[in-house]
Visitor: 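Okay, here's the structure, questions in a sec.
Both ligands and their constituent atoms are indexed starting at 1 by order of listing.
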Amino acid sequence: MKEFRYASDLGNFEEALKEAFEIKKDRFKYQGLGKNKTLLMIFFNNSLRTRLSTQKAAMNLGMNVIVLDINQGAWKLETERGVVMDGDKSEHLLEAIPVMAQYCDLIGVRTFARFESREADYTEEILTQFIKYSGRPVFSMESATVHPLQAFADLITIEQYRKLKRPKVVMTWAPHPKALPQAVPNSFAQWMLAADVDFVVTHPEGYELDPQFVSGAQVEYDQMKALEGADFVYAKNWSCPGVTRPEDYGKVINKDMNWTVDAKHMAVTNNAFFMHCLPVRRNMIVTDDVIEAPTSLVIPEAANREISATVVLKRMLEDL
Ligand code: AN0
Ligand code: CP
């Protein structure tokens, strides 16, 4: 594997899940694979789970790890070509990327959507420059439009807990005070559409996700109706994707607290499991009682981040 951004980069899901459960049983099975190999993780944005689980995954494989927080101690980077660099940015990404690549074998990048331009975000301006100029295998640790390590962990979690062969999985928008990226819902939708599940998306009008990720999904604007009979409820906030309202791209256009997942929502499901990628704002996205219930999978889901990252790093190491 040379790149990890999309569901298609993983290939056959059955094989990937088999590998994931093999690693879950013995996460140190491939300890020799990463000897004298270095993973560089570059963070343009904050993280708790991705940072820890990906580092742990690299250690499972015997790798060395370097973590760089671009905003803490590195030079401020210019990302646009052609700019006269007379401002506060001391270095250009076009030098920084090949330099960073000298010191590592694999690169993970976290770089959120900036919401300055839909086009810049949806062309994955930063991540694609890493792919183009580093000469190393590159994986997204949540980039502008995707979060594949999360979606893979979610797939593993659903496989681990499903009671039916083909469960009903409902992804519901929920309110949040600040604008959040569409990366998590984009990837989750893409992965669920490629998996053997009955997938439904529910959100208020104006929150339609990009067709490149959701085309083929059932979209139901009535949240209660969508949740009926669900086996898994996957909650997430996202800001306006700008599909039906281009002028509102990246804005919070709805804060309707009726969408907060609470006991009354869960009551119409098939005793569904509750999922969220975390971090979550309690009593905005989900009530205390729902996230604390025995049916809440938020912790096992986070635990599976180590597994998804181990599989991805293993496959990248095998292809070096
Ligand atoms: C980020 C998001 O919604 O994309 C990261 C989630 C994994 N969340 C926040 O910034 C709070
Ligand atoms: N779910 C997730 O990616 O969390 P972090 O932002 O803490 O890495």
Side-chain angles (χ1 to χ4, degrees), residues 4-5 39 41-58 65 67-72 108-115 118 121-122 124 126-127 139-158 171-191 201 203 207 209-210 213 234-242 249-255 259-261 274-286 291 296-313:
F4 184 58
R5 288 205 263 175
L39 167 66
M41 298 200 285
I42 301 161
F43 289 91
F44 288 84
N45 301 92
N46 296 340
S47 165
L48 186 148
R49 277 144 293 272
T50 304
R51 174 185 299 252
L52 299 180
S53 61
T54 312
Q55 180 158 0
K56 177 63 166 63
V65 182
V67 182
L68 178 65
D69 286 296
I70 291 285
N71 301 321
Q72 280 169 23
V109 186
R110 166 156 290 201
T111 175
F112 286 174
R114 298 178 181 183
F115 301 136
R118 186 178 201 279
D121 288 340
Y122 272 75
E124 289 277 3
I126 308 286
L127 188 75
F139 59 98
S140 166
M141 299 197 298
E142 185 173 342
S143 48
T145 61
V146 291
H147 195 1
L149 286 170
Q150 182 64 52
F152 186 15
D154 296 334
L155 178 77
I156 297 167
T157 309
I158 289 170
M171 179 169 80
T172 179
W173 179 92
H176 190 275
K178 292 188 182 161
L180 293 183
Q182 294 109 40
V184 171
N186 282 346
S187 282
F188 187 70
Q190 184 180 59
W191 287 64
V201 185
H203 55 70
Y207 280 93
L209 290 161
D210 194 293
F213 297 106
Y234 191 91
K236 184 71 185 87
N237 171 268
W238 62 89
S239 61
C240 177
Y249 173 65
K251 291 191 184 147
V252 175
I253 54 171
N254 190 322
K255 286 188 185 172
W259 284 77
T260 303
V261 178
F274 175 81
M275 297 177 71
H276 190 279
C277 64
L278 304 181
V280 74
R281 289 187 186 233
R282 282 178 174 225
N283 305 306
M284 286 291 310
I285 302 284
V286 57
I291 198 169
S296 168
L297 297 182
V298 295
I299 307 304
E301 208 179 334
N304 281 331
R305 290 294 305 275
E306 178 186 341
I307 308 302
S308 65
T310 307
V311 173
V312 169
L313 293 178

Visitor: Nearest 0.5 Å, please: how far is CG in L155 from CD1 in I307?
Guide: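 So the CD1 of I307 and the CG of L155 are separated by 13.5 Å.
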Visitor: Which residue owns the protein heavy atom closest to atom 4 (O) of ligand 2, what's the atom, and how far is it?
Guide: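 Looking only at protein heavy atoms, the one closest to atom 4 (O) of ligand 2 is R49 NE, 2.8 Å.
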Visitor: If you measure from each non-hydrogen atom of L278 to ligand 1, which part falls under 4.0 Å: side chain, backbone, both or neither?
Guide: backbone
Visitor: Can you tell me the protein heavy atom closest to atom 2 (C) of ligand 2 and the distance?
Guide: R305 NH1, 3.3 Å
Visitor: Could you tell me if any non-hydrogen atom of A183 lies under 4.0 Å from any atom of ligand 1?
Guide: no
Visitor: Parallel, tilted or perpendicular: which fits the ring planes of W173 and W259, with parallel below 30° and perpendicular above 60°?
Guide: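 Plane angle over 60°, so perpendicular.
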Visitor: Just wondering, do R118 and D210 contact through their side chains at under 4.5 Å, heavy atoms?
Guide: yes
Visitor: Does W191 reach the side chain of D154, with side-chain heavy atoms less than 4.5 Å apart?
Guide: no
Visitor: Please determine if T50 has a nitrogen or oxygen closer than 3.5 Å to a nitrogen or oxygen of ligand 2.
Guide: yes
Visitor: Measure the distance from atom 7 (O) of ligand 2 to every protein heavy atom, then report the residue, atom name and distance (to 0.1 Å) of the closest one.
Guide: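 Of the protein heavy atoms, L48 N, 2.7 Å lies nearest.
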Visitor: Atom 1 (C) of ligand 1: which protein heavy atom is closest, and how many Å away?
Guide: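 Checking every protein heavy atom, the shortest distance to atom 1 (C) of ligand 1 gives F112 CZ, 3.9 Å.
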Visitor: What I want to know is whether R110 and ligand 2 share at least one N or O pair that is separated by under 3.5 angstrom.
Guide: yes
Visitor: Mind checking whether F43 and M141 have side chains closer than 4.5 Å, heavy atoms only?
Guide: yes
Visitor: Please state which option from I285, L180, T50, V280 has its nearest heavy atom closest to atom 10 (O) of ligand 1.
Guide: L180
Visitor: Counting only nitrogen or oxygen atoms and a 3.5 angstrom limit, does K236 reach ligand 1?
Guide: yes
Visitor: Work out which heavy atom in I285 is nearest to a heavy atom in P175; give both atom names and the distance.
Guide: CD1-O, 3.3 Å
Visitor: Taking the side chain as every heavy atom from C-beta outward, state whether N186 and L209 have any atom pair closer than 4.5 Å.
Guide: yes
Visitor: Under 4.5 Å between any side-chain heavy atoms of W238 and Y207, yes or no?
Guide: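 Side chain of W238 against side chain of Y207, heavy atoms only: contact under 4.5 Å found.
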Visitor: Between L149 and ligand 2, which residue portion shows a heavy-atom distance shorter than 4.0 Å: side chain, backbone, both, or neither?
Guide: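 It is neither part, as no heavy atom is under 4.0 Å.
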Visitor: Supply the atom-to-atom distance I70 CD1 to I42 CD1, rounded to the nearest 0.5 angstrom.
Guide: 6.0 Å
Visitor: Of the side chain and backbone of M141, name the one, both, or neither that has a heavy atom under 4.0 Å from an atom of ligand 2.
Guide: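 Looking at M141 and ligand 2, no heavy atom falls under 4.0 Å.
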Visitor: Suppose I only count heavy atoms of E142 and a 4.0 Å limit; which atoms of ligand 1 are within that range?
Guide: 2 (C), 4 (O), 5 (C), 6 (C), 7 (C)
Visitor: Closest non-hydrogen protein atom to atom 2 (C) of ligand 1, residue and atom name please, with distance?
Guide: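 I find the closest protein heavy atom is P181 CD, 3.6 Å.
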Visitor: If we only consider heavy atoms of Q150, is any one of them less than 4.0 Å away from an atom in ligand 2?
Guide: yes
Visitor: What's the separation between atom CD in Q150 and atom OG1 in T50, rounded to the nearest 0.5 Å?
Guide: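 Atom-to-atom, Q150:CD and T50:OG1 are 7.0 Å apart.
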Visitor: For ligand 2, is any non-hydrogen atom under 4.0 Å from H147's backbone (N, CA, C, O), its side chain (CB onward), both, or neither?
Guide: side chain
